[in-house]
Amino acid sequence: MTGPAEPGRFSDAPRGGRSGDAGRGGDRDRGRPERGERPGRRGDGPPREGRFGADRRGGVRRPARPAVDLPRHVAYQAIAAVHRDDAYANLVLPAMLRDEGLTGRDAAFATELTYGTLRHTGTLDAIITDAAGRDVQRIDPPVRDALRLGTYQLLHTRVPAHAAVSSTVDLVRTVGPGATGFANAVLREVAGRDADGWVAKLAPSEETDPIGHLALAYSHPQWIVRAFAEALGGDLRETARLLIEDNERPPVHLCARPGLADPVALADEVRGAPGAFSPYAVYLSGGAPGELAAVTEGRAHVQDEGSQLVANALAVAPLDGPDGRWLDLCAGPGGKAGLLGALAAERGARLTAVEVAEHRARLVAQATRGLPVTVLNTDGRTVGADPKLPEGHFDRVLVDAPCTGLGSLRRRPESRWRRQPSDLPPLTRLQRELLTAALRAVRPGGLVAYVTCSPHTVETHVTVTEASRRCGFPVDFVDARPLLPAGMPGLGDGPTVQLWPQRHGTDAMFLAVLRRG
Ligand SMILES: C[S@@+](CC[C@H](N)C(=O)[O-])C[C@H]1O[C@@H](n2cnc3c(N)ncnc32)[C@H](O)[C@@H]1O
């Protein structure tokens with residue numbers, strides 16, 4: 001799966017880390033408007049007109065209540081929307097930044113606070129519970145979100161402690177009046193240790209409970225840490241490196257569409273750098289990718305390099321016989337269909353792109369405009385029943401299956417806390433059904449690439465093994481490693497491939513290539 005780029009001008013944004021090492025937020029409080037000079041919010045918040053307001057008793061002017069500065073206010077609103085309305089930060093935050101007119105460093109600061117607070121929520125909650133002497137779940141939700149934001153600033157940015165505390169107390173004054181004393185006391189307690197000090201106090205012992213330790217130290221649910229550790233063969237050091245990557249701002253990659261853009265020229269055009277692995281990748285170092293001319297003109301699209309690699313692997317896998325009918329069985333929103341469609345155009349092939357959700361099918365149509373792609377808004381499991389999806393018809397088939405998305409947690413900051421182990425059974429059933437449909441759709445001798453943006457072995461190895469065993473056709477595994485660029489490190493023993501953020505700088509994409517006998 002390819003997620004939208006993290007909003008804001010990420011070149012300016014301070015990076016959050018486990019310790020205060022990476023934050024550069026401290027500078028932000030120097031040279032910024034005094035609190036109260038800028039209005040905090042529209043409508044129901046402190047007045048926009050300035051630092052002094054009219055005394056309610058009439059006439060006499062006195063200092064107004066300090067307002068919350070706009071970046072923190074926006075971050076708070078985004079975090080509250082995620083928790084209150086089940087919103088997605090990568091959708092609500094850009095809209096809020098736009099509505100409030102936040103750009104440049106202010107937008108980057110609001111983005112860092114929002115994403116950082118959401119990623120670290122589990123550990124922030126454990127710290128707040130300890131500091132407050134009461135379960136964080138018993139704190140009024142608006143005050144709880146304000147405390148999370150304040151605690152994140154204290155432990156993961158270089159915002160000076162006094163600024164983190166006072167701005168959070170100001171925020172609590174507007175969202176939970178009556179709790180300012182409580183918030184002040186909790187934050188002062190939090191400020192008594194740094195992030196490492198809190199981990200030392202609260203995390204289970206590394207020796208007796210290594211999973212519990214990593215979960216608290218790097219703010220992931222334990223079941224996810226366990227799944228990562230299993231997929232990494234029990235290597236807990238590498239698991240820790242992966243968890244650290246999940247807490248970083250993700251890179252933004254472009255895919256220079258083959259035949260439409262040259263990656264080296266595109267890298268010059270966007271002041272990026274050609275990718276390390278994908279022949280089409282360009283790494284961006286800043287800017288708003290959606291606004292680049294190459295993207296608006298359809299010469300390139302935003303796509304994680306790992307997604308490019310797995311789609312390209314299907315296209316380059318050796319195949320005997322006809323090679324003109326390609327199928328993408330789970331196409332929305334169209335990232336891989338965009339790349340496969342451009343490759344199909346070069347090779348005289350045609351791609352059928354299937355997507356069950358209507359709005360996502362429309363996105364696929366947009367993403368593949370001008371390419372030899374037919375979009376079908378239907379269920380991929382109807383292969384054989386839908387005349388447009390005949391059995392044994394296609395030469396190359398991609399199944400980029402719906403999955404937990406555990407391989408792209410860095411792009412979806414709240415996702416790790418929303419996902420549950422109970423999501424796995426219905427997802428893996430659907431994955432098996434879609435892969436079985438793909439094996440029905442491909443002709444004998446044709447190829448199926450099964451891809452997930454999750455390294456969870458239940459969604460990867462178990463699904464592929466079960467589906468290929470039970471599909472009713474002879475199926476061979478093709479070694480996927482030679483289908484990736486020569487010299488790419490860390491691809492394991494094959495025949496499947498697992499990419500990793502901490503090894504390859506990509507999302508954790510899984511790839512299995514199957515040939516129908
Ligand atoms: C992982 S995403 C695919 C990402 C896409 N390949 C890309 O690169 O942009 C999985 C997609 O499968 C779609 N989907 C889920 N169930 C489906 C089904 N039964 N048939 C077809 N598409 C389905 C989802 O709506 C979602 O858009």
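Whatever order the structure lists them in is the order used to number ligands and atoms, beginning at 1. Computed from a predicted structure; not experimentally measured.
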Modelled atom types, side-chain donor and acceptor of Glu305 and Ser278, under 3.5 Å: no
Near Pro333 (heavy-atom distance under 4.0 Å), the atoms of ligand 1 are 9 (O)
Considering only heavy atoms, which of Ala367, Pro402, Cys330 lies nearest to atom 15 (C) of ligand 1? Pro402
State if Gly334 counts as touching ligand 1 under the rule of any non-hydrogen atom under 4.0 Å. yes
Which of the numbered atoms in ligand 1 are under 4.0 angstrom from any heavy atom belonging to Val356? 14 (N), 15 (C), 16 (N), 17 (C), 18 (C), 20 (N), 21 (C), 22 (N), 23 (C)
Can you list the atoms of ligand 1 that are under 4.0 Å from a heavy atom of Gly335? 7 (C), 8 (O), 9 (O)
Ion pair present between Arg362 and Glu358, side-chain N to carboxylate O less than 4.0 angstrom? yes
Atoms in ligand 1 flagged as close to Ala331, the criterion being non-hydrogen separation under 4.0 Å: 5 (C), 6 (N), 7 (C), 9 (O)
Looking only at the side chains, is there a donor atom on one of Gln498 and Thr460 sitting less than 3.5 Å from an acceptor on the other? no
Is it the case that ligand 1 has an N or O less than 3.5 angstrom from some N or O of Gly332? yes
Is the positively charged end of Arg410 above the ring of Tyr115, judged by distance under 6.0 angstrom from the centroid and angle within 45° of the axis? no
Pairs flagged by ring pair (Phe, Tyr, Trp, His ring centres under 6.0 Å) wherever residues 280-314 is involved - sequence neighbours left out: His253-Tyr283
Selected option - heavy-atom contact closest to atom 27 (O) of ligand 1, from Gln308, Arg360, Glu358: Arg360
Ligand 1 versus Ala401, non-hydrogen atoms closer than 4.0 Å: side chain, backbone, both, neither? backbone
Hey, does the Lys NZ or Arg CZ of Arg516 hover above the aromatic six-ring of Phe473, less than 6.0 Å from the centre and inside 45° of the axis? yes
Would you please say whether a donor-acceptor pair under 3.5 Å links the side chains of Glu459 and Thr428? no
Give the atoms of ligand 1, by number and element, whose distance to some non-hydrogen atom of Leu329 is under 4.0 Å. 21 (C), 22 (N)
For Thr436 and Arg432, does a side-chain donor sit closer than 3.5 Å to a side-chain acceptor? no
Taking heavy atoms and a distance under 4.0 Å, where does Glu433 meet ligand 1: side chain, backbone, both or neither? neither
Give the atom numbers and elements of ligand 1 that come within less than 4.0 Å of a heavy atom of Asp379. 18 (C), 19 (N), 20 (N)
Residue pairs passing the side-chain hydrogen bond (donor to acceptor under 3.5 Å, both in side chains) test with at least one member in residues 264-273, sequence neighbours excluded, are Glu269-Arg299
Non-hydrogen atoms of Thr452 versus ligand 1: any pair closer than 4.0 Å? no
Got an N/O contact under 3.5 Å between Asp328 and ligand 1? no
